[in-house]
Amino acid sequence: MTGVDSFDAFVLARSGRLLRTAYLLTQDHALAEDLLQTALAKAWFAWSRIDGGDPEPYVRKVLVNTYSTWWRRRWNGEQPTEELPESAGPEGLAAERTDLWRALQQLPRRQRAVVVLRYYEDLSEAETARILGCSAGTVKSQTSKAFAKLRLDPNLVEPIHRPGDASAVRTPARSADLADEETSR
Amino acid sequence: MNLTDLRDELSQRANTVESPDLLPGVRRRIRTTKRRRVAGSVTALAAIVALGIAVAPSLTSSAPEPADSIPPDYTRDSVTLKGVIGTDRLDRAWIGSVGETRGSFGWTPTTKNIVVYAYCAAPGETRYTVRIGGRNAVTGPCNVAHDTPGDTGLIRPDAALWLDVPLHQATTVNVQLTDNDGRVIESSTAQLGVGIYTAGRRDPVPGATGATPTPGPGDREENGLLFRAKIGGDTLAAAESGEPGVSKVTDSYVATGRPIMVSAFCTANDASSGFPYHLRVVIGGVEKISGCVALSTDVGSTGGAGLSDIATPGQRMTVTATLTDESGREVKVPGARIAFAVYEKGPQRVYDNTAVDERREYSGTTYQLAEIEAVDATSTRQVSLRTPADTPFLITYGSSSLGAPVEGTLDRPTSQSMLNTSHGEGGLKSWGLATDGNWAGPSTTITLKITRGTPTKGKLILAIYTPAK
C-alpha cells in the first residue's frame, strides 16, 4: 500500500470519529468539517513520518492544536467569555442539557479541548497532556476550572483508571501551569 | 448535573454528526497548500477577499431583532458569511472549496423578500452567477467586498423569480463562475460562496413609501402577473400574458389619440447566459419596442416606452408581442413567460417635444403636479420655485431641445445636480427630464439655471409634485 493509499484509507476509516471530536470542539458542523480537513491536510505532509504506526494520535493532536491556535487567529466569529451567564433555564433534563451545551460553548478553547478529550475521547490526563503539549497537572487544573464553569461538582474530577495506565494519578495543579494556560486564551 | 450528564451530552451531540466523504475536500486542500508553498500568491487574494466577506453588521436606524433569533455566522475555509448584515438575516449559506467553480445546494424559501450575497474570489475579470430554481437570480463581479447591506442582490416579492419558485417548496440554488460574457469558466484558485438572507427593513427612498399599490377596480391578474387599471394618471388600454412557453400574445384597443406607454415583461433570458432573446412588440403593424427583461410582476409599475402620434382617435390598434431570437425568428423557450401592457397617458403639460405628467406614481406613492415653470431658454437663463413645507414632494427638472450644447445645474440648499445636453437623446440637445423625491421639511428655494452655453431654442422646465389626495 502506497502512502497515498494508506492516507486515503485512514481518512475513510477514521474521519467519522475525528469529525465528531471536531464538532464537540467547534459546536458547528461546517466549522468542524473545515477544522478536520485542515488537520488532515497538515497530516498528509507529515505522512511519510507517521505512516506505519497509528496516525490517529498525531492527527488528533494536529486537530486540537489547530483548533486552539490557528483557529483563534483565523476565525473571528467566536468570542468566548470568561464568566458564564447565570443559568436561568427551566427545570428538567432536556433544559439542563441545553444549558450544559451552552456552557460548554462558553468555555475557553483549551478548557473545552480538555473536557472533550477526557470525557468524550476518554483519554487519560497524560494522553490529554501529550496532545495539548502541556503537563498532566495543567490538564487537571484546566479540568477543574472547566467543571466550575460548567457547574459540575469539582469532586467528580477523578482520574480515569485504566489497566496499565500508571500516569492516571491525581496530580496537584501548579500555579505556573495555570498562569501559562490563562495567557493562551 | 454530574459527570454522567456531561458524558451523555457529549455523546448525544457527537451522534448528530453525519459522516460526509471528506476525502475530496482534503485532496483539494492538499493541492492548494502545495500551490501556496510554490507560488505563495494565492493566499493573499483569498485573505483579502475573505476580509471583504467578513462583513460587519452596519449601523442602521432599525430596531434590532431579539437576540435569541440571531442566526449564527457561517464559516468554512476561513471565509465567513455573517449571520446578520444590517437587518438582513442569514437563512442558508454555502461556501465552496478553492477551485470549486460550480456549486449547488438545496433551499426552501419561506419569504419572497430576500437578499443574495455572493462571495467570489477569483483571478482576472470574472463574475459569479447565482441561479435559484434554474432562473438567474443574481450576477455580479468577483473580488468585490460586501461591507454594507446592499440592494444588488435584493429580490422583492414582485420579482419574476417567484413565478417559478413557490414558497415552502424545496428548490436548488446554483452558483457558478463565469467570464464577463456569462460563459462558465474554471479556475483552480477561485472560491465561491452564497448566502441567502431574509431581507430586513430598508429605508424607502426620499419621497417614496415603497408601498405595494392597493388593488383598484379593473385591475387584472393573469398568470401571476398584475395589470393595474390605473397607474398614476395612466389608464390600461390593452394587456396580454401567455402561459409558460408561449411565444406570441395579442390584444387590441380603440385609440383615443392620446400618447401611450408600453411595458413588456419577458423571462426568456432568465435561464440563459447573455441576452439571446427579444420580445418584439408591434403596434398597428409597426415594431415599437424590443428587448427581454422582467423587472416586476406588477407590469407597468416600472415604466416603459412612451409613444405619441401612433393612432387617430377611434382607430383599433392591434398589439402583438412575439418572442424571437437575435435574427428575429419566432422561438419557443420552455418555461419562458411573456406579457405586455399598453397604458394611455393621462393629462400632460407639453412643452415643445417634452411632456410632463400631471399625475404620476413614484415608488409606490401617487403624486399630483402642484406647480410648474417652463421658461424660454433663449431669453431666460434660470428659473426658481419654492418647495412646499411639511410634505414630501417631487422635483422634476430638465429642458426640451435646446438646439446647442448647454450645461446647467439644479441648485438646492443642500445639494446640486449637474445637467448636460450630451446626456440627452442624440441630436435633441436636451437635458431630458429627471425626477428626485424629497422628504417633508421647511420650504426652500430651488433654482434651475444655465451655467455654460447659449440655447438657440427650447424651454427650461421645473416642476413640483405633492402627494395626491
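By convention in this document, chain letters (A, B, ...) are assigned in the order of the sequence lines, proteins followed by strands, and residues within each chain are numbered from 1. What's counted below: heavy atoms across the whole structure, side chains too, no hydrogens, waters or symmetry copies.
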Distance-minimising heavy-atom pair for B:Arg76 and A:Glu33:
NH2-OE2, 4.1 Å
Nearest 0.5 Å please: distance from the CG atom of B:Leu23 over to the CG atom of A:Asp8.
4.5 Å
Provide the closest heavy-atom pair for A:Ala41 versus B:Val26 in the form atom of the first, atom of the second, distance.
N-CG1, 4.1 Å
What one should report as the nearest heavy-atom pair of B:Leu10 and A:Tyr120 is CD1-N, 3.9 Å
Would you give the length of the straight line joining atom OG1 of B:Thr16 to atom CZ of A:Arg20, rounded to the nearest 0.5 angstrom?
9.5 Å
Taking the side chain as everything from C-beta on, heavy atoms only, tell me whether A:Gln37 gets closer than 4.5 Å to B:Arg27.
no
Can you see which heavy atom on A:Asp34 is nearest to which on B:Ser78, and at what distance?
OD2-N, 3.7 Å
Where do A:Trp101 and B:Glu9 come nearest, in terms of heavy atoms and distance?
CB-OE2, 3.2 Å
Measure the shortest side-chain to side-chain distance between B:Thr75 and A:Asp28 over non-hydrogen atoms and say whether it is less than 4.5 angstrom.
no
Proximal component of A:Leu24, with respect to chain B [non-hydrogen, under 4.5 Å]
side chain
